[in-house]
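Remarks on the structure that follows.
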Amino acid sequence: MKRIAILTSGGDAPGMNAVIRAITRAGIALDLEVYGVRGGFKGLYDNEIFKLGRKSVSEKLNRGGTFLQSARFPEFMNDDVVKVAADNLRKHNIENIIVIGGDGSFKGAMSLSRFDIKVIGIPATIDNDIASTDFTVGFDTAVNTAVEAIDRIRDTSNSHKRCSIIEVMGRDCGDIALHSGVATGAEAIYVDGESFTYDSVCKVVEEAQANYKKHALIIIAENICNVIDLAEYVEKKTQYTTRSTILGHVQRGGTPSAFDRYLASNFGAYAIKLILEDTYNVALGTNGANLFYTPIKDAVEMKNNDKEYFFKAAELLK
Ligand code: F6P
C-alpha cells in the first residue's frame with residue numbers, strides 16, 4: 001500500500017486542520033496509508049512521524065491552528081538537514097509528502113524534492129502571499145477576524161470622534177490590509193512604504209476633519225512603521241485624539257470560515273487525486289472557481305499580482 005505524509009509548516013492558519021482531515025479521509029478512502037509529521041520540518045528532521053487513521057481527524061474540521069503543530073525551522077535551508085529528513089521518510093517507506101504552508105514551506109518542500117521525495121504544496125497562510133493561487137487557506141478567516149475587530153474599534157472611535165490607526169498582519173503582502181480596509185470603509189490603507197509618510201497620514205486625517213467625519217480609520221500593514229509613534233505624531237499635528245491598535249496574532253487563530261473549510265477540503269482531496277496520478281513537485285492553487293496546479297519551483301518565484309486598480313477604487317470610496 002502506498003504511503004504518504006502530511007506536514008504543516010511556518011505560521012499556522014485557520015483551515016490547516018481541515019486540509020489534514022481532507023487528505024487523511026480521501027487518502028484512506030482511496031487505499032493510501034497516511035502519516036502525519038509532528039512539528040513541521042523540525043519534526044521531520046527529528047523523525048516525529050506517526051500513522052493517521054480516520055478517527056485521528058475527527059472533530060478537526062472546524063478547529064483553528066494545526067493539530068500536527070508547526071514550527072519555524074531555518075536550519076532546513078541546510079542540505080545536510082534536508083537529507084536527514086528525506087531519509088526519515090524513506091525509513092517509513094514514504095515517497096510522497098504534502099506540505100501545507102506558505103512560501104517558506106514551499107521552499108522547504110522543494111529542498112526535499114532534490115532528495116527524491118515527491119512533494120505537493122498546499123497554500124495555507126493568512127498572508128495570501130503565494131502568487132500561484134488567488135486564495136490561500138486561512139486568508140478569508142483572518143480578514144473576517146480583522147474586520148470584526150476593526151468594526152469594534154470603529155464604534156468607539158466614532159463615539160469619541162477619534163482617529164484610530166490599526167496595524168494588521170501580512171508579512172510583506174498587503175492583502176489583509178487591503179481587504180479589511182475596504183470592508184470597513186477605512187480613510188486610508190497603507191500596504192508598503194511607497195506612498196507612506198507620517199505627514200501623508202496627517203493629511204488624510206485633516207481631510208476627514210474637513211469633511212466633518214466623526215472618525216478617521218487608518219489601516220496599515222505590518223513592517224511599515226511604528227504605529228504607536230505614528231499615533232502620537234498624528235495627535236500632535238491634527239485635532240483628532242489618536243489611538244493605535246496592533247491586531248497581531250489574534251488574526252491567526254479562531255475557527256475557519258466556511259470559505260476556508262471548503263477550500264481546504266477541496267485542496268486536500270485534489271492533492272490525493274494528483275498523487276494517484278503520479279503528479280508531483282507542484283503547488284496547488286485556485287481562482288475561486290477551479291483548482292489547478294503549478295510546478296512548485298515556478299510557484300515560489302512568481303510575483304504577486306498588481307493590485308493598483310483595487311487601491312484606486314478604495315480611494316473613491318472613502
Ligand atoms: O506568515 C504569517 C504571519 O502571521 C505573518 O503575517 C507575520 O508576519 C508572521 O507570521 C509572524 O510570525 P511569528 O508568529 O513567528 O512571529
Side-chain angles (χ1 to χ4, degrees), residues 7-20 38-43 63-77 99-110 121-150 165-181 183 189-193 196 219-228 244-257 259-260 263-264 267 283-285 296 299-300 302-304 307:
L7 172 157
T8 49
S9 159
D12 63 346
M16 279 184 163
N17 279 326
V19 185
I20 301 164
R38 191 176 291 109
F41 290 112
K42 166 90 172 70
R63 296 274 164 83
T66 160
F67 83 94
L68 287 181
Q69 302 204 281
S70 192
R72 306 259 185 222
F73 189 50
E75 292 82 349
F76 211 69
M77 290 195 289
V99 173
I100 306 166
D103 61 345
S105 311
F106 284 9
K107 284 180 188 145
M110 268 176 61
I122 296 191
T125 159
I126 63 164
D127 301 337
N128 209 36
D129 59 352
I130 298 180
S132 55
T133 182
D134 285 343
F135 300 104
T136 56
V137 172
F139 171 65
D140 181 66
T141 307
V143 169
N144 279 297
T145 302
V147 166
E148 191 190 328
I150 296 165
I165 298 173
I166 298 151
E167 179 187 296
V168 296
M169 274 188 169
R171 201 179 288 275
D172 300 322
C173 178
D175 281 12
I176 297 181
L178 174 63
H179 286 239
S180 62
I189 303 166
Y190 293 98
V191 298
D192 54 39
F196 173 82
I219 308 296
I220 301 198
E222 65 179 338
N223 300 326
I224 293 183
C225 73
N226 179 326
V227 291
I228 299 169
S244 61
T245 307
I246 298 172
L247 290 187
H249 287 79
V250 74
Q251 296 157 100
R252 282 238 301 257
T255 186
S257 67
F259 179 88
D260 278 331
L263 183 61
F267 271 157
L284 307 194
I296 198 161
V300 297
M302 283 168 81
K303 295 272 166 280
N304 278 312
K307 302 270 165 60

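Ligands are counted one by one from 1 in listed order, and the atoms in each one are counted from 1 as well. One is the number of the first residue; the rest follow in order along the sequence. Predicted model, so just to flag it, every value in this text is computed and none were measured.
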Can you tell me which residues line ligand 1 if we count any heavy atom under 4.0 angstrom from one of its atoms, in chain and number order?
Arg72, Ile126, Asp127, Met169, Gly170, Arg171, Glu222, His249, Arg252
So which atom in Ile126 and which in Pro14 form the shortest heavy-atom distance, rounded to 0.1 Å?
CG2-CD, 3.8 Å
Does any donor atom in the side chain of Thr141 or Asp260 lie under 3.5 Å from an acceptor atom in the other side chain?
yes
Using 30° and 60° as the class boundaries, would you call the ring planes of Phe76 and Phe41 parallel, tilted or perpendicular?
parallel
Closest approach of Ile150 and Ile219, non-hydrogen atoms and distance?
CD1-CD1, 3.7 Å
Could you walk me through whether His249 and Met169 satisfy the side-chain contact (heavy atoms from CB on, under 4.5 Å) test, starting with their C-alpha distance in whole Å, then the side-chain angles of each, then the deciding distance to 0.1 Å, before giving a yes or no?
CA-CA 8 Å; His249 287 79; Met169 274 188 169; 3.6 Å; yes
If I compare all heavy atoms of Val99 with all of Ala109, which pair ends up nearest, and what's the gap?
CG2-CB, 3.8 Å
